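Worksheet: the structure to be examined is printed underneath.
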Amino acid sequence: MLVSSIADHMKCPRTRPAQVPNPDFQPPYPSFSIRFPENVSQLVMAVIGAQHKSASDAADGASRATLTAFLTSRASTTLPSFFEWASVTDNKGFYNITALAYWPSKAAYESWAEESGFRAWWQALGPDSPNGWFLEAFFPTTDRFETLFNTDTAREGSAHMGQCMSAAVKEHGYWGSMRDRIPLSQTDGLEGAKAAPDEYRSPPEDVTPTGRVVIPGRKNLAVIRSGQDWLDTTPEERTLYLDTMHPVLTRGMDFLRDHGEEVGCYSCRFSEVVDPKTAKPDGIDRTFGLAYFDELASLEKWCKEHPTHLAIFGGFFQYAKKLGNNVTLRVFHEVMVLQPEQQYFEYVGCHPSTGMLVTIC
Ligand code: HEM
């Protein structure tokens, strides 16, 4: 029996129509959403990154060790529920190593920042630091958050704060189902402040540090983290994934990174999850795209209409067909639509194409 992705305690009479094509719609395959305890009303996902000129500049692990000390500090009683490391070399050739950390409330995050010494350290960072740093923190209330997993056994990101995985949900398998899974969409159109073309300033060619910059939050910014995990695939599926899906996905992520302004995407990082000790992806076999869109409608439009996601989407069905639908690749996403005060972007000594810096540089 299918259940709603929206937990019972978050249901309310709809004033906005659902996107589902008809009330009897049956998704062609199962997918699942995380259920959070009722007393969890706001989550935190923080992307805390160090930006180095190259991977070899980060090889001593010093920036990672600095952040690890805060994220595991015994002085804090509210350590993250979960954190892991990911790396990406961006389109300016810089190597970014990020901790992706989750807390079950904003209060827990704030007290961690204080007790662990992270905040004092962060505020003291100056332009003399050997590398750049960035903090992108998101504080979605659960009515502005949705997840979708193609398996009910995956433990990714916010799942570490969940009570359990739902049974198979109704709201998927059609365009617009992402919106239908967001509880607030029952009564709110989630319109954002659509970015004007000149909001994406062309970053100067010479990549110079910009000092410390705080970027204000934007109305209903849409954030997606879409992940892929091929660790437990059979050798046959693994080859198929790496030869057919991964290259198409990389092209889609490169498009959002390099031409995002065409579709309302400010920033996209396609990262590899890495080993906390070695910072290498070997033996982990997980990636994720983390992208920031000016509004949910822009993300929906890119998925539904742009050749890059259509190629990913179409490629996946070919892929499933070749495997006789015995897919063991795990895919999931977390999507949040944030009020301005539910976002915090700060950059210290990063190049101007980093994250939301593109909106002001
Ligand atoms: C939806 C495949 C990567 C954004 C979907 C769906 C599939 C799919 C099958 C429909 C899910 C359903 O409703 O049952 C894939 C595969 C990927 C991938 C196989 C990688 C191997 C991405 C990435 C992004 C993305 C990297 C964005 C950064 C979305 C969004 C939807 C979606 C937002 C929901 C659209 C809506 O409901 O309106 N994708 N995708 N996908 N995908 Fe992808």
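The structure presented is a predicted model; accordingly, all values stated were derived computationally and were not measured. Indexing begins at 1, ligand by ligand and atom by atom, following the structure's order.
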Min heavy-atom dist Tyr319 to ligand 1 below 4.0 Å: no
Trp175 N/O to ligand 1 N/O under 3.5 Å: no
Glu300 N/O under 3.5 Å from ligand 1 N/O: no
Polar proximity ligand 1 side, Gly173 side, N/O cut 3.5 Å exclusive: yes
Tyr102-Glu334 side chain donor-acceptor pair, cut-off 3.5 Å: yes
Atom 22 (C) of ligand 1: nearest protein contact (heavy atom, Å): Ser226 OG, 3.2 Å
Verdict with supporting geometry, Arg238 and Asp285, salt bridge (Lys or Arg N to Asp or Glu O under 4.0 Å): CA-CA 10 Å; Arg238 183 188 175 81; Asp285 294 343; 2.7 Å; yes
Min heavy-atom dist Phe288 to ligand 1 below 4.0 Å: no
N or O pair under 3.5 Å between Gly176 and ligand 1: yes
Atom 11 (C) of ligand 1 - nearest protein heavy atom and its distance: Tyr29 OH, 3.5 Å
Protein contact of atom 16 (C) of ligand 1 - nearest heavy atom, named by residue and atom, plus distance: Ile312 CG2, 3.5 Å
Parallel, tilted or perpendicular: ring planes of Phe70 versus Phe118, cut at 30 and 60 degrees: perpendicular
Protein heavy atom at shortest distance from atom 8 (C) of ligand 1: Phe313 CD1, 3.8 Å
Proximity flag Tyr174 to ligand 1, non-hydrogen atoms under 4.0 Å: yes
Under-4.0 Å heavy-atom contact with ligand 1, by part of Lys304 that carries it: neither
Asn96 side chain to Gln51 side chain, donor-acceptor N/O pair below 3.5 angstrom: yes
Part of Met178 within contact of ligand 1 (heavy atoms, under 4.0 Å): both
The single option from Trp103, Tyr344, Tyr292 passing ring pair (Phe, Tyr, Trp, His ring centres under 6.0 Å) against Phe138: Tyr292
Protein contact to atom 21 (C) of ligand 1 [nearest heavy atom, distance to 0.1 Å]: Gln228 CG, 3.6 Å
NZ/NE/NH1/NH2 to OD/OE distance under 4.0 Å, Glu272 and Arg286: no
His333, any N or O under 3.5 Å of ligand 1 N or O: no
Metal proximity, His309 vs atom 43 (Fe) of ligand 1, N/O/S cut-off 2.8 Å: yes
Test salt bridge (Lys or Arg N to Asp or Glu O under 4.0 Å) applied to Lys280 and Asp275, step by step: CA-CA 5 Å; Lys280 300 269 188 265; Asp275 183 285; over 6 Å; no
Salt bridge Arg181-Glu171, side-chain N to carboxylate O under 4.0 Å: no
Flag, side chain of Thr141 to backbone of Gln42, donor-acceptor distance under 3.5 Å: no
Side chain, backbone, both or neither: Ser177 near ligand 1, heavy atoms under 4.0 Å: both
Per-atom contacts, ligand 1 versus Met253 - under 4.0 Å to a heavy atom: 26 (C), 28 (C)
Salt-bridge criterion met for Glu115 and Arg74 (N-O under 4.0 Å): no
Backbone of Lys277 reached by a side-chain donor or acceptor of Arg64 within 3.5 Å: yes
Within reach of ligand 1, part of Trp302 (heavy-atom separation under 4.0 Å): side chain
Salt-bridge criterion met for Glu110 and Arg119 (N-O under 4.0 Å): yes
Distance from atom 30 (C) of ligand 1 to nearest protein heavy atom, with residue and atom: Cys303 SG, 3.1 Å
